[in-house]
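Each remark here refers to the structure printed beneath this line.
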Amino acid sequence: MSGDQLHNDSQIEADFRANDSHKHKDKHKDREHRHKEHKKDKEKDREKSKHSNSEHKDSSEKKHKDKEKTKHKDGSSEKHKDKHKDKDKEKRKEEKMKSSSGDIKIKKEKENGFSSPPRIKDEPDDDGFYTSPKEDSKPLKRPREDDEWEEERYPEGIKWKFLEHKGPVFAPPYEPLPENVKFYYDGKVMKLSTKAEEVATFFAKMLDHEYTTKEIFRKNFFKDWRKEMTSEEKSTITNLSKCDFTHMSQYFKAQSEARKQMSKEEKQKIKEENERLLKEYGYCVMDNHKERIANFKIEPPGLFRGRGNHPKMGMLKRRIMPEDIIINCSKDSKIPAPPPGHKWKEVRHDNKVTWLVSWTENIQGSIKYIMLNPSSRIKGEKDWQKYETARRLKKCVDKIRNQYREDWKSKEMKVRQRAVALYFIDKLALRAGNEKEEGETADTVGCCSLRVEHIKLHPELDGQEYVVEFDFLGKDSIRYYNKVPVEKRVFKNLQLFMENKQPEDDLFDRLNTSILNKHLQDLMEGLTAKVFRTYNASITLQQQLKELTNPDDNIPAKILSYNRANRAVAILCNHQRAPPKTFEKSMMNLQSKIDAKKEQLADARRELKSAKADAKVRRDEKSKKTVESKKKAVQRIEEQLMKLEVQATDREENKQIALGTSKLNYLDPRISVAWCKKWGIPIEKIYNKTQREKFAWAIDMAEEDYEF
DNA sequence: ACTGAGACTTAGGTCTAGCGCC
DNA sequence: GGCGCTAGACCTAAGTCTCAGT
C-alpha cells in the first residue's frame, strides 16, 4: 500500500481526527497566546544553527568486520574477555615497571591517567581500603578471575553496601551591607530590614544583566521580595521602578574589584581554605573506596534565572537550611552532624539510590541531589553501560530501521506516527520530547512534543524534493533549525498528520515518549529514545575519524581532524554555544600572530638563501653548518606557522559549536582512546585531566583496534 | 492508561586560576 | 613581574526515563 492510497483510508483517518480534536483542544488551552510570544522570542533568539546532515552510511558495512575479534575483546559481559584483558594489563604493567626508572616517571604516568598505578593493585589489595583519592581513580576494576562483577555482587537495584560522608556544605550566611551603602526608594534613603536587604542585594548584583529589565523577571522578583519585607516596608515599597539599587550595585562591583587586587598571600589563604573544605567535605567512602563528591556545596540563595523565556525567572530561590536536608548514608557509618543548633529533616539509609544528600527546591518543587563525581566507580560503570547499550543497538539498528520504514505504511495512525517520530530521532538525533507542564517552564519541545507550527513542508526546495523545515526551541531553549530532505513516504505522512490541525496542535497527537519507549523496549532490551543519540553520535565519530585522519599528517593536523570529527557530532546533536564575547578580538589577535609568523618565515628563507649562496662561494665547513642551521630555522618556523593556521581554522569552525557536551556525554571514549593509540597521539591532547579521570575506565580498557 | 514523584543524565553559561606573552 | 586570555572548573537548569499509585 502506498502512502497515497493510505490517504484514502477514510475510516482510520476519521477515527484519528475525531479523536484528535478533543484531545489537543484541552491540551493546548492557552497555547495560542504563548505561541505569539514564542515567535517573537524565536526571532530574537540567536540566529544559530546551520546544520548539514549526515546520513546513515555507517552500520551495515562494518557488520562483518566487527565480528570475532571485537566480540571477545569487548563483548561487555563475557568473562573470557576479562582474562584477556588482565593478561594484557599484566604485560603492560610489567613493561612499565621495567622501564620506569624513577618516581617522576611514575607520577607523570599516573597523571596521564594512562597507567595503572605502579603498585600491584589488581590482586591482593583489591579490597583494601583506599586513602588516597589519586590512587583509586579506577572506577571499573577488572576483577580477578574468580571475582564477581559489581552488578553480580549487588543484587538488583542495590547500589552500595557502605556509605559514609560528612554531609553538605551550606552557603555562607548573609552579611549585612555596611552602613554607608544605601538603598533609595523614590529618591529617598531607606534602611531595609536584613531579610529584605538580602533579597535586594540579589537584584542589585544582577543589575547589569538584560533580564532585570524583563517584565516577567521584575514581576516575579517583586512579588517574592515583598514576601520578605516587614509590613512597613511592604506598605512603603509598592513600585519596583522607584527602587534604586545602583549604590548597592556599585558597592558589589568595587568588592569584586578588590578581590581581584588581593595580595598573593590573601589569595593563597582563600585557596587553602577551599582545599580544606574540599578535603573535609568533598569526599565520601562508598564500599571501601574513597570517592570524590560532585557538588558537596548547597546552592546559595539567589534569583532564579531559567533559560530562554522562562515564566518563573526572577523568583526567589530560598536559602536551604539543615532542616530541609535529607541525609542518605549507611546505618553503620558515622552519621554527619548537622550544624550546631540545627537538625536534619531526615536521615535515611537507602542503598537503592546513589545520592548522599537531597532537598526540595522551591521554584519547581523538584528534588535536588548531591551525588558523586563522574570519576567515581558508580558513575563510570553507568557510563560504560550506556555505551554498551548503544553498541547493542548497533547490532540491530538495521532491523529497526527496516521495521520503521515498513511502519510508515501501517494502517494504524498510531504506528505511523511512532514510525515517523522514530525516523526523526534516528536520522536527526532529536531528543525524545516529554510533555511539560504548561506555564511551569519555557516552551521547548523534543520529537514527540513537536507541534504543527514547528515544521514546514516543502514539496520542493532548492532543487531537492520533499524537504521538511524544522524550526523549534529544544532543550535549554536552543534553537533547532534544519532543512531536511526526507523520503516521500515520510513527507506524505507528515501532510496527513498535519491535516485539519491548528499550528499549536501536536504533530504526533497519538504519540508520547512513554508509548515510544515501550515500543523500543520491545525491539531491544534497554532501548530508549536517547540511545539513538548516543549510538549515532559515537558511530559518527568513529566513521569520521576513519575518513578524516590522514596517516601522513603531523600531530596538530591529526588533532584538527579529530576536532572536525567531534564537530560533526556536535552539529548532529545541535550542541551550540553563544560565540564567546571575545571571539572577534581573539581571532584578530591570532591573525596578527600568523601574519607576524609569515614575515618571520620570509626573513628566515631569505637568510637561508643568502647562506646557501655564501656557502657555494666559500665551500667551507662553517658556512655549510650555517646553511644547515638556517634550514632548520625555516623548518621550525614553518611548523609554527602551520600550527597557528590550524588553530585559527579550528577556532573559526568552532565559533558557535560546543564540542564539550558531545565529548563528555555522547562519544564512547574508547573510540578516542583507540584512535590516540593507533596514531600515537598523547591522550592528553584529546582529554584534559578531568576528562581523563572520568574516562579512566576507557583509557584502561581500549586498545588500538577497538571498534564501537 | 495516566500521573506525578523521584533519580539520574545532559546542558550551556559564568567564573577564575594559571598560562603564555611582553 | 604584570597583564590579558582562555581552558577548564564550577554551577545548576533542563532534560530523560522509571516506577508506584490509581
Side-chain angles (χ1 to χ4, degrees), chain A residues 46 48 157 159 171 209 256 259-261 264 267-268 270-271 274 278 294-300 302 304-308 310 312-313 317 326 328 350 352-355 358 360-361 363-374 378-379 382-383 385-386 425 430-437 440-442 444-449 473-478 512-518 520-521 526-534 537 570 573-578 580-583 585-586 589-590 593 647 651 656-666 687-691 693:
Chain A
R46 302 171 219 154
K48 289 171 164 185
K159 304 287 169 55
H209 271 110
S256 78
R259 223 171 302 131
K260 272 184 221 153
Q261 300 303 322
K264 245 189 202 145
K267 280 187 179 169
Q268 186 58 28
I270 292 174
K271 204 178 156 194
N274 283 335
L278 174 68
N295 54 329
F296 59 93
K297 288 182 183 154
I298 299 275
E299 297 171 19
F304 176 79
R305 172 50 173 148
R307 302 202 232 268
H310 198 115
K312 301 198 169 185
M313 64 170 90
K317 225 174 87 159
I326 302 174
N328 192 34
D350 182 356
K352 296 205 171 48
V353 295
T354 66
W355 55 267
S358 77
T360 302
E361 150 269 355
I363 304 291
Q364 322 272 358
S366 64
I367 308 168
K368 299 246 179 172
Y369 303 93
I370 291 181
M371 291 185 186
L372 296 192
N373 199 67
I378 205 151
K379 294 287 183 193
K382 198 81 189 294
D383 204 35
Q385 233 179 62
K386 173 180 78 186
I425 284 171
L430 300 190
R431 296 188 185 82
N434 287 306
E435 292 104 302
K436 305 167 70 187
E437 219 176 314
E440 295 292 300
T441 61
T444 62
V445 298
C447 186
C448 294
S449 50
L473 297 182
K475 180 176 178 179
D476 293 316
S477 292
I478 295 293
N512 60 39
T513 53
S514 146
I515 296 172
L516 178 67
N517 279 336
K518 228 168 259 156
L520 293 176
Q521 198 61 235
L527 186 60
T528 61
K530 85 187 185 89
V531 179
F532 281 89
R533 251 168 103 79
T534 311
C573 293
N574 200 38
H575 290 143
Q576 302 189 21
R577 62 167 185 176
K581 286 195 175 62
T582 54
F583 186 85
K585 208 169 84 192
S586 84
N589 282 348
L590 194 53
K593 263 196 210 166
Q647 205 186 337
R651 201 182 293 179
Q656 301 200 319
I657 299 169
L659 299 187
T661 304
S662 49
K663 206 180 206 178
L664 237 47
N665 300 301
Y666 289 104
Y687 290 136
N688 67 33
K689 184 163 159 282
T690 321
Q691 294 168 159
E693 278 165 17

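All values derive from a computational prediction rather than experimental measurement. Quick note on labels: first sequence line is chain A, next is B, and so on, each numbered from 1.
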Between the protein and nucleotides 19-22 of chain C, which nitrogen or oxygen pairs come in under 3.5 angstrom?
none

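The two residues A:A570 and A:I657 have their closest heavy-atom pair at CB-CG2, 3.4 Å. Minimum heavy-atom separation, A:K312 to A:F304: O-CD2, 3.4 Å. Heavy atoms only, all atoms of each residue included: A:R431 and A:I425 are closest at O-CG1, 4.4 Å.
At C:dG8, one or more side-chain N or O atoms of A:N688 fall inside 4.0 Å of OP1 or OP2 (strictly under the cut-off). Residue A:K159 places none of its side-chain N or O atoms closer than 4.0 Å to OP1 or OP2 of B:dA7. Checking the phosphate oxygens (OP1, OP2) of B:dA7, no side-chain nitrogen or oxygen of A:T354 falls inside 4.0 Å. Taking side-chain N and O atoms only, A:H209 has a distance below 4.0 Å to OP1 or OP2 of B:dT14.
Within the 4.5 Å cutoff, the side chain of A:T354 has no heavy atoms near those of the A:Y369 side chain. A 4.5 Å side-chain heavy-atom check between A:I363 and A:K317 finds at least one atom pair inside the cut-off. Side chains of A:N574 and A:I478 form a contact here, defined as non-hydrogen atoms less than 4.5 Å apart.
Across the protein-nucleic acid pair, A:Q691 atom CD and C:dA7 atom C1' stand 10 Å apart, rounded to whole Å. Between the CD1 atom of A:I270 and the C1' atom of B:dC15 there is a distance of 14 Å, rounded to whole Å. To the nearest angstrom, C1' of B:dG13 lies 15 Å from NE2 of A:H575. Going from atom CD1 of A:I367 over to atom P of B:dG4 covers 15 Å, rounded to whole Å. For the pair A:L372 CG and B:dT9 P, the interatomic distance rounds to 10 Å; values are reported in whole Å. Going from atom CZ of A:R577 over to atom C1' of C:dG8 covers 13 Å, rounded to whole Å. One interatomic measurement links the two molecules: CH2 of A:W355 to C1' of B:dA7, which rounds to 10 Å at whole-angstrom precision. Summarising the geometry, the separation between NZ on A:K518 and P on C:dT18 is reported as 10 Å, rounded to the nearest angstrom.
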| request: Quick one: do A:F532 and A:L520 satisfy side-chain contact (heavy atoms from CB on, under 4.5 Å)? Show the steps, please. | output: CA-CA 11 Å; A:F532 281 89; A:L520 293 176; 4.0 Å; yes
| field | Test side-chain contact (heavy atoms from CB on, under 4.5 Å) applied to A:L664 and A:Q691, step by step | value | CA-CA 8 Å; A:L664 237 47; A:Q691 294 168 159; 3.9 Å; yes
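Relative to the side chain of A:K386, the nucleotides C:dA9, B:dG6, B:dT10 differ in distance, and B:dT10 lies closest.
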| message | Using a 4.0 Å heavy-atom cut-off to protein, can you give one letter per nucleotide of nucleotides 10-16 of chain C, 5' to 3': B if the base is in contact, S if only the sugar-phosphate is, - if neither? | response | --SBBSB
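Residue A:Y666 is in sugar-phosphate contact alone, with no base atom involved, counting any heavy-atom pair closer than 4.0 Å across all strands shown.
The residue among A:I515 and A:R533 whose nearest nucleotide of DNA chain B is located toward the 5' end is A:I515. Judged by closest nucleotide on DNA chain B, A:D383 is the one of A:R259 and A:D383 placed further toward the 5' end.
Judged by distance alone, with hydrogens and angles left aside, the side-chain atoms of A:N295 form a donor-acceptor pair with the main-chain N or O of A:M371 at under 3.5 Å. With hydrogens and angles ignored, the 3.5 Å screen pairs no side-chain donor or acceptor of A:K436 with any backbone N or O of A:S449.
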